[in-house]
**Q** 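One structure, pasted below without further comment.
Side-chain atoms are counted along with the backbone in the values below, which use heavy atoms only and exclude waters and symmetry mates. Numbers restart at 1 for each chain; the letters A, B, ... are given by sequence-line order, proteins then strands.
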Amino acid sequence: MSTFDKNAVEESIRLKESSGGSVTIITVGRSDAKKTVKEALAMGGDRGYLVVVAAEPDPHDSLTTAYLLARAIERAGPFDLVLCAEGSSDVYAGQVGPMLSEWLALPFLGYVRKVEIKDRVIRCEQTLEESVRVLEAELPALVSVVSEINEPRYPTLLQIMQASKKPIEEVGSELLIDRRAPPRLVTTVGMTAHAMSRKRVIFEGGPEATSRKLVEALRSEGVLKR
Amino acid sequence: MPLFKPEHRQLLKVLHPAREEEVSEVLSGLAAFMEEKISPLSPRFDSLAEKITSARKSLLENGICLIPYPSRYGGLELPFSAYTTAIELAGAADASVALSVAIHNTVADGIFLFGSEAQKKTYLPGIISGKKLASFSLTEPASGSDAKAVRTTARRVGREYVLNGTKMFITNAGEADLYFVLSATEKGPTSFIVEKSAPGLEFGEDLPKLGMRGSRTSEVRLTDCRTSAENLVGREGEGFEQVKTMLNSSRIVMGALCVGVAQVAYEKAVTYSKERRAFGGRISDFQLTREKIADMVTGISAARLLCLYASRLKEMGLEFSSEASQAKVFATETSVRVCDQAIQIFGGLGYTSEDVHRHWRDARLLTIGEGTSEVLRMLIASRELARSL
């Protein structure tokens, strides 16, 4: 499980512990993603729901992932709150949360570092560059969390064993694709590491002379403005 | 490198095909916990910059000692070989924490095997869940592996026993809440549970050690120390046979701990051999380095297999005392040799870097503690000679 997802699972369990309710763990993946669902159940989730896809989903096809999750959430039963990570730890597109809120027609409270629920109103703190914004919405709602929101717990060995007894429902993705399903808009055609090169320039001389040469070089490269 | 490896999974599959998935899930969860909470602190435990207390508590609370015990005491009812593997992983995460935890759980084993139902109900859930820390107080200044020569005495006075004597080199002494003490009564060696609060129980200074520096080792002094007659384990005179049985299991576990120590030293040496360049090439390209690597990994695999073979015999209720001793002799001596070779591969850096030579210093204890290699060879030979007659 990605570390960001662990933050979302942890927050859902904390909310369950403080406000009651139950936690359903939902994911899209190949059948071996059941292991990931079990991990979240060991942390304290109550039941799992796995949308099984035949091939590994394209990590950039956020729209399809969000659509499958939205249909799975609807099928999983009534809910008050959907929690997800701010982004995935592989491509970190950060699109599934907002797209999911659109498919489910829910208010989206994104990138939050604190969540409180009182009288069916959710209040979240969102970190901006130089300030903190406080957002409120009525439930049901969708929240994406940032990693600073909590420190995910490690399940005990007993909880890991007990997780095996919790129900996990598996449904094939083909059963969730209907007329409303979006066309595939994005396909990953390739991924390469960013090429980095260094100029390997060495300045000779004492501290004063070399710093002068460094500043001059940075100016001529346009890094420093005159 | 992850602590729980494909080879662990494969071996568990061979030993327990029906339960491999369940055991692997538990052990990979345990490994993830230790990689985050124990391994990064290991150099600090060795340099005494930090105490193991909080890491040990969190590991115990995570459930490592629950693995082999029945659910009626809060255990997980998993095979003993899963526990053996768990201690191997703990040994790779930090040898001192693993030693402290393994000795603690040896006391649980003693109470489980020989305690009354009342003692089991009173003590076992607390020990295996980590609420209470235990200490196995066997060795004395004049008797170590020779447990029959115990000089600490126990005398019945009314509804209590009064204990007098000194125990030496006791792991967890002073920190533990409970002490499993071997004493001599008129009928012979006898085991008692002594609570830390018992009057007349005192502890010496933490002894400085070559390795395993994070675990506390000191004297346990009993001066007219009183413990309830209800804390007598089994009957008077049964103590020697009890500790012999406890040590058989404990020796498998100590062997496994050393496999973990060897594994981590080996991995560091392999990584370094691929980075270090000499004479225009990587030292891993040299035949003499390759010979070392081949011998190291072969030794580790063989030691792991011996520990798991002895574990499996124990699980099946078969005689395993010789195999347990073989596992300990072979695994501990292999570990010392592997850690020594790791220092050699690192060269000058190995001799000067704590993070390389600490593994050798840690492993070195266990060719002595829980039965010296010499005593274990005597036991193995006696057993084998008796078998062949």
Side-chain angles (χ1 to χ4, degrees), chain A residues 1-14 17 23 25 27 29-50 52 85 88-90 145 147-170, chain B residues 2-4 6 9 12 16 18-40 54-55 57-79 82-83 85-87 89-90 93 101 105 125 128-131:
Chain A
M1 191 181 353
S2 110
T3 53
F4 299 125
D5 287 326
K6 280 188 183 169
N7 292 116
V9 172
E10 174 64 33
E11 199 58 26
S12 70
I13 294 159
R14 288 185 188 196
E17 286 166 353
V23 173
I25 306 297
T27 196
R30 294 176 61 141
S31 57
D32 59 1
K34 199 170 168 182
K35 219 171 72 181
T36 311
V37 176
K38 268 188 178 177
E39 237 183 280
L41 294 177
M43 286 174 73
D46 297 286
R47 64 185 184 120
Y49 199 102
L50 171 62
V52 184
S88 62
S89 56
D90 45 11
V145 303
S147 55
E148 65 183 285
I149 193 167
N150 56 42
E151 192 185 330
R153 69 193 66 192
Y154 277 91
T156 65
L157 304 190
L158 183 62
Q159 286 169 324
I160 293 171
M161 282 188 69
Q162 286 168 339
S164 300
K165 298 186 183 87
K166 293 182 181 176
I168 301 177
E169 194 177 333
E170 291 181 53
Chain B
L3 292 175
F4 186 63
R9 192 182 282 266
L12 291 165
H16 294 285
R19 302 193 75 182
E20 179 271 321
E21 193 181 330
E22 183 184 25
V23 172
S24 291
E25 276 175 8
V26 166
L27 292 178
S28 59
L30 175 70
F33 172 82
M34 293 194 293
E35 281 160 19
E36 168 90 15
K37 303 285 183 192
I38 311 277
S39 303
S54 144
K57 190 166 176 51
S58 66
L59 179 61
L60 289 171
E61 287 174 352
N62 192 255
I64 188 169
C65 292
L66 301 176
I67 291 174
Y69 294 105
S71 59
R72 65 180 179 278
Y73 303 115
L76 303 181
E77 293 193 3
L78 290 173
Y83 175 64
T85 307
I87 293 294
L89 305 182
V101 164
N105 219 22
I128 64 177
S129 66
K131 288 187 181 72

**Q** So what's closer than 4.5 Å to chain A heavy atoms on A32(B): side chain, backbone, both or neither?
**A** both
**Q** For K35(A), which atoms come within 4.5 Å of any heavy atom of chain B: side chain, backbone, both, or neither?
**A** neither
**Q** With sequence neighbours excluded, what pairs up with E22(B) under the salt bridge (Lys or Arg N to Asp or Glu O under 4.0 Å) test?
**A** R19(B)
**Q** Going from CG on L89(B) to CG on L27(B), what distance comes out if it is rounded to the nearest 0.5 angstrom?
**A** 6.0 Å
**Q** How would you list, by chain and number, every residue that makes a side chain to side chain donor-acceptor pair (under 3.5 Å) with T36(A), sequence neighbours excluded?
**A** none
**Q** Select one option (side chain, backbone, both, neither) describing which atoms of E21(B) are under 4.5 Å from chain A's heavy atoms.
**A** side chain
**Q** Between the side chains of E10(A) and R14(A), is the shortest nitrogen-to-carboxylate-oxygen separation below 4.0 Å, so that they form an ion pair?
**A** yes
**Q** Using the test salt bridge (Lys or Arg N to Asp or Glu O under 4.0 Å), find all partners of E20(B) that sit at least two apart in sequence or belong to another chain.
**A** R9(B)
**Q** Can we say K34(A) and E25(B) salt-bridge, meaning some charged N sits less than 4.0 Å from an Asp/Glu carboxylate O?
**A** no
**Q** Heavy atoms under 4.5 Å from chain B: which residues of residues 152-165 of chain A carry them?
**A** Y154(A), P155(A), T156(A), L157(A), L158(A), I160(A), M161(A), S164(A)
**Q** Nearest 0.5 angstrom please: I64(B) CD1 to F33(B) CZ, how far?
**A** 9.5 Å
